[in-house]
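Below is one structure, written out as structure tokens; comments come after it.
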Amino acid sequence: MNEICQCSIRELRRRVVEKEVSASEISRSFLDRIEKVDHHIRAFLTVEADQLLEDAARLDKKIASGELKDGLLAGVPLAIKDNIVTRGMRTSCASRILENYVPPYDATVIQKLRAEGAIFLGKTNCDEFAMGSSGENSAYFTTKNPWDLGTVPGGSSGGSAAAVAAREAPGALGSETGGSIRQPAAFCGVVGLKPTYGLVSRFGLVAFASSLDQIGPVGQTVDDTALLLQVLAGPDSRDSTCSTKHPDDYLGGINEDVKGFKVGLPKEWFGAGLSSQIEEKLQKAIAKLEGLGCEIIEVSLPHTEHAIAVYCIIAFAEASSNLARYDGVRYGRRTPEHEDLAAMFRHTRNEGFGEEVKRRIMLGTYVLSSGYYDAYFLKASKVRTLLKNDYLQVFEQVDFLLGPTTPSLPFKIGEKVSDPLQMYLSDVYTVSANLVGVPGLSIPCGYSEDGLPVGLQIQASYFEEAKLLRLANALEKELAIQRPDLPFDES
Amino acid sequence: MASITVEQVKKIAELAHLQFSPEELQRFIPQFQEVLYYIAQLDDVSTENVEATYHVLERGSRPVSMREDQEEPSLPVETVLANAPDSAEGHFCVPAVLEEE
């Protein structure tokens, strides 16, 4: 592997601004890497090599004239999940219904990345409309876990996590509604952050469930993830759910010590259903944190057992409403068969949506339909309040919550496809953070006997990302996980 | 909780502008039913005097604001229509909804 592909984002940027290497060389290195290994894992739906090299050449001119010396991401090529719109670059949401959609505008996060000198390798595969926990709901193909090509990369941001794990990109953007950044990050052995709801603009993120969706970074290290967040975070007048709060400095204090922090272990996260291999790695990490001077306290989030049920109702209800826009009129695919307008809508949606998307639209329509609203949507929204109260109480006692990201190691491709409920339950430790709105992060904490990554999750209170990244950074350094060679990189 | 019927599923599909073949329905109904049984667990949670949370930014120190209602340039019409399956003279085209005289 070219040495450039092993560099951190921070290092790539340093080399570019100090003119040790050009943006064009970096881009070519990653394109070569994609060429060599992407046929194994298929992380990308779209790679725009010509556009990338053109953008890189333009950046190199700016760098030569000193124009981009303050760009936090000068010359850094990134991979973007295919549900974040990119001007002129196909954005399909891994769905047939948007197979030829070329957005006429950039998402706010894309504008922010461009402004700091980032360029884009392409768009990564995901579950269709970000609906899934394995990546298998992509309408095009299933991305494979780089550590074991027979297992899933996780989902829905599976392509982004797999691309970073395989060093096809130094960093990537994903999106979360119920764990879609943290879970694939855990399965692929990379760092993934779901920011506080409202910290990052959702303008240009194709909507799945608007009260839950958030864009977040995927990186090789906590430091790179913090660097990406620094660029992504901040107010946006085009998203009324985006907080007006000015983002904190996520990098300045990241190396400070973590002595005296109180770390809560929710007992509900360590019960039956957690893989013993994961638990064992977690216990080692907890011991390291004690060594760093953190105080470990057992806490309780009593409504955790209901989180998936609440999530299913709220997320699917919001999805059924959001996906009403795909009607074959303004964009996307239209069926060739249409005797009248109603049939045109119906056939277009039938042909354009995959099975899981239809299932969620149906469940969502059901729970919102007349006579059922109170029993399902209203009830779930009240239990959401109870979940939130659990979190508010627990964050009066501790600074962080720590536990597993996933109940199991990465599962086999095909293992859960015929059992949607089992698939939903794989998000059991992640969904609460989305329902409540707090930030959560997954970092690698070891590899199983079979060489599969194990993820550790940390959550913090609202807008406490700086503190969260500081603890994660300290733990990452203390754990010093040795990354094995990928199966296709073994010599 | 009651079982979901084929008729109910067809009715929901109609509301959602979807349609299922008999084979799809056969696969779909048990999965739908299983999720409904699962979410029925919320019936056992007491929510008396609990307010609903529709949005996590509603309370506390998470300020959101609306921007000033100022006119800003829109995308050009032809750019917007570029992704439309069918358009003419600056409009989206759909199958006829009114009969010709």
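A, B, ... follow the sequence lines: proteins, then strands. Residue 1 opens every chain. Keep in mind it's a predicted model, so treat the numbers as computed, not measured.
Heavy-atom distances place the side chain of B:L75, and not its backbone, under 4.5 Å from chain A. Both the backbone and the side chain of B:V50 come within contact range of chain A, judged by heavy atoms closer than 4.5 Å. For A:T348, no part lies near chain B; criterion is any non-hydrogen pair under 4.5 Å. B:E24 touches chain A through its side chain: at least one heavy atom from C-beta onward sits under 4.5 Å away, while N, CA, C and O do not. At a 4.5 Å heavy-atom cutoff, the contact between A:T365 and chain B is made by backbone and side-chain atoms alike. For B:Q8, the part lying under 4.5 angstrom from a heavy atom of chain A is the side chain only. In this structure, no portion of A:Y311 lies under 4.5 Å from any heavy atom of chain B. Both the backbone and the side chain of B:F32 come within less than 4.5 Å of a heavy atom in chain A. For A:L425, the part lying under 4.5 angstrom from a heavy atom of chain B is the side chain only. Looking at B:E51, only its backbone comes within 4.5 Å of chain A, counting heavy atoms on both sides. Neither the backbone nor the side chain of B:S87 comes within contact range of chain A, judged by heavy atoms closer than 4.5 Å. In this structure, chain B has heavy atoms under 4.5 Å from both the backbone and the side chain of A:M362.
When all heavy atoms are compared, the tightest approach of A:S432 to A:Y391 is CB-OH, 3.4 Å. Between A:V200 and A:A233, the shortest heavy-atom distance links the atoms CG2-CA, 4.2 Å. A:T196 and A:E464 get closest at one heavy-atom pair: OG1-N, 4.5 Å. Nearest heavy atoms, A:G440 versus A:Q459: CA-CG, 4.0 Å.
For A:Y366 and A:Y376, the gap between ring centers is short of 6.0 Å.
For the residue pair A:K379 and B:T47, a side-chain donor N or O sits within less than 3.5 Å of a side-chain acceptor on the partner. A donor-acceptor pair shorter than 3.5 Å can be found between the side chains of A:T108 and A:R238. Residues A:E99 and A:S92 have side chains that never bring a donor and an acceptor to within less than 3.5 angstrom of each other. A donor-acceptor pair shorter than 3.5 Å can be found between the side chains of A:R202 and A:T241.
Between B:R27 and B:E23 there is no salt bridge, since no side-chain N of the basic residue sits under 4.0 Å from a carboxylate O of the acidic one. Ion pair B:K10/B:E14 not flagged as a salt bridge, since none of the NZ, NE, NH1 or NH2 atoms sits closer than 4.0 Å to an Asp/Glu carboxylate oxygen.
Within a 6.0 Å sphere centred on CD of B:Q26, other residues, nucleotides and ligands contribute 12 heavy atoms or fewer.
At distances below 3.5 Å, not a single donor-acceptor pair connects side-chain atoms of A:K194 with backbone N or O atoms of A:G178. Panel note: side chain A:E318, backbone A:S211; a donor-acceptor pair is recorded below 3.5 Å.
Of the residues considered (B:L81, B:D44, B:L42, B:V45), B:L42 shows the highest number of contacts with chain A, using heavy-atom pairs under 4.5 Å. Top candidate by heavy-atom pairs under 4.5 Å with chain B, chosen from A:L435, A:L378, A:I308, A:N100, is A:I308. Taking chain A as the reference chain and counting heavy-atom pairs below 4.5 Å, the highest number among B:L15, B:V94, B:T79, B:V97 is found for B:V94. The residue among A:V383, A:L363, A:V436 with the most heavy atom pairs within less than 4.5 Å of chain B is A:L363. Of the listed residues (B:V80, B:V9, B:I39), the one with the most heavy-atom contacts under 4.5 Å to chain A is B:I39.
Rounded to the nearest 0.5 angstrom, B:H55 NE2 and A:L212 CG are separated by 9.0 Å. The CG atom of A:N434 lies 8.5 Å from the CG atom of A:D427; values are rounded to the nearest 0.5 Å.
Using a 4.5 Å cut-off on side-chain heavy atoms (C-beta onward), B:C93 and B:P85 make no contact.
Contacts between residues 334-343 of chain A and chain B, defined by a heavy-atom separation under 4.5 Å, are made by A:R334, A:H338, A:D340, A:L341. Contacts with chain B (heavy atom to heavy atom, under 4.5 Å) involve these residues of residues 323-333 of chain A, listed by number: A:G328, A:V329, A:R330, A:Y331, A:G332.
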Practice item. Apply the test side chain to side chain donor-acceptor pair (under 3.5 Å) to residues A:T91 and A:T86: give CA-CA distance (whole Å), side-chain angles for both, the deciding distance (0.1 Å), then the verdict. Key: CA-CA 7 Å; A:T91 300; A:T86 40; 3.3 Å; yes

